[in-house]
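Let me begin by presenting the structure, written as structure tokens, before commenting on it.
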Amino acid sequence: MESEVTPLGAEHVRDLMALEGKCFAYHWTQEQFLLGLERSAFQVLGIYRKGILAGYIAFSIIEDEMEILNLAVHPDFRRQGLGEKLLKESFRVCNENNVRKSFLDVKVSNEPALGLYRKFGYKKIGVRKKYYPDTREDALLFRYDFT
Ligand SMILES: CC(C)(COP(=O)(O)OP(=O)(O)OC[C@H]1O[C@@H](n2cnc3c(N)ncnc32)[C@H](O)[C@@H]1OP(=O)(O)O)[C@@H](O)C(=O)NCCC(=O)NCCS
């Protein structure tokens, strides 16, 4: 079924770049995606709608820690539960791999992302001042503990 979350690989990088261009002014390059995927530095899950990549999540797992590196949903498909679906599927992968905790950073002004992570039970654990090179905004650090 088209709306199901699916693992993405090097063959999907063109779709990922198109989605990144829609979602972020300052985004990952094709090389970053390809290198990361080839070296298994991170995994990517995606969701297709109407034949286009509508959302993706990139995350790394090192021992019992998972870090969310990026999460984006195409503007035309927001507020339809896709972000939630992607995050849920990444949690399922975490449970399969005995992951105990998850971390991420998010811009202080990013209300949609903050809402999503809070809904999942992430708790704020710190602030990195002027962390982002594009806007010099603070990063909020969040943590989730799997039980
Ligand atoms: C953050 C993002 C991935 C959310 O994706 P989405 O598919 O629209 O989110 P969902 O429909 O699954 O919403 C799930 C929850 O997130 C929160 N949320 C989503 N959009 C929101 C908004 N505009 N304002 C406030 N909360 C919001 C809500 O808690 C929502 O639950 P609810 O519908 O019960 O209120 C999407 O807005 C996006 O791609 N933003 C640009 C890229 C980005 O900033 N990524 C995050 C990097 S850390």
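For ligands, and for the atoms within them, numbers begin at 1 and follow the listed sequence. Atoms considered below: every heavy atom in the structure, side chains included; atoms not considered: hydrogens, waters and symmetry mates.
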Identify all side-chain donor-acceptor contacts of residues 54-66 below 3.5 Å with residues at least two apart in sequence or on another chain.
from: Y56; atom 1: OH; to: E20; atom 2: OE2; distance (Å): 2.5
from: Y56; atom 1: OH; to: N70; atom 2: ND2; distance (Å): 3.1

### Task
Would you check if the distance from the ring center of Y144 to the ring center of F103 is below 6.0 Å?
no
Can you tell me which residue and heavy atom of the protein come closest to [atom], and the distance to 0.1 Å?
atom	answer
atom 7 (O) of ligand 1	G83 N, 2.8 Å
atom 15 (C) of ligand 1	L116 CD1, 3.8 Å
atom 14 (C) of ligand 1	E84 OE1, 3.3 Å
atom 18 (N) of ligand 1	P112 O, 3.5 Å
atom 46 (C) of ligand 1	L71 O, 3.3 Å
atom 34 (O) of ligand 1	K119 NZ, 2.6 Å

Should [X] be counted as touching ligand 1, given the test is an N or O pair under 3.5 Å?
X	result
V73	yes
N110	yes
A72	no
Y117	no
R79	yes
F77	no
G81	yes

### Query
Should the proximity of Q80 to ligand 1, defined as any heavy atom under 4.0 Å, be assigned to the side chain, the backbone, both, or neither?
backbone
#### Entry: Stepwise ring pair (Phe, Tyr, Trp, His ring centres under 6.0 Å) check, Y132 with Y26
CA-CA 10 Å; Y132 297 100; Y26 184 83; 9.2 Å; no
Atom pairs and distances, side-chain donor-acceptor, residues 116-130, under 3.5 Å, sequence neighbours left out:
from: K119; atom 1: NZ; to: E84; atom 2: OE1; distance (Å): 3.0
from: Y122; atom 1: OH; to: S102; atom 2: OG; distance (Å): 2.6
from: K129; atom 1: NZ; to: D138; atom 2: OD2; distance (Å): 3.2

### Query
Which ligand 1 atoms are under 4.0 Å away from a heavy-atom of R78?
8 (O), 36 (C), 37 (O), 38 (C), 39 (O), 40 (N), 41 (C)
#### Entry: Protein non-hydrogen atom below 4.0 angstrom of atom 30 (C) of ligand 1 present
yes
### Task
Anything under 30° is parallel, anything over 60° is perpendicular, the rest tilted; go ahead and classify F42 against F33.
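If you compare the ring of F42 with that of F33, the planes turn out perpendicular.
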### Query
What distance separates C23 SG from R78 CZ, expressed to the nearest 0.5 Å?
5.0 Å
### Message
Working to the nearest 0.5 angstrom, can you tell me the gap between S109 OG and E111 CD?
### Response
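So the gap between those two atoms works out to 8.0 Å.
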### Presence of salt bridge, E96 and R92, under 4.0 angstrom
yes
### Message
Side chains of Q43 and V93, heavy atoms from C-beta outward: is any pair under 4.5 Å?
### Response
yes
### Message
A side-chain contact here means heavy atoms from C-beta on lying under 4.5 Å apart; do V73 and I47 qualify?
### Response
no
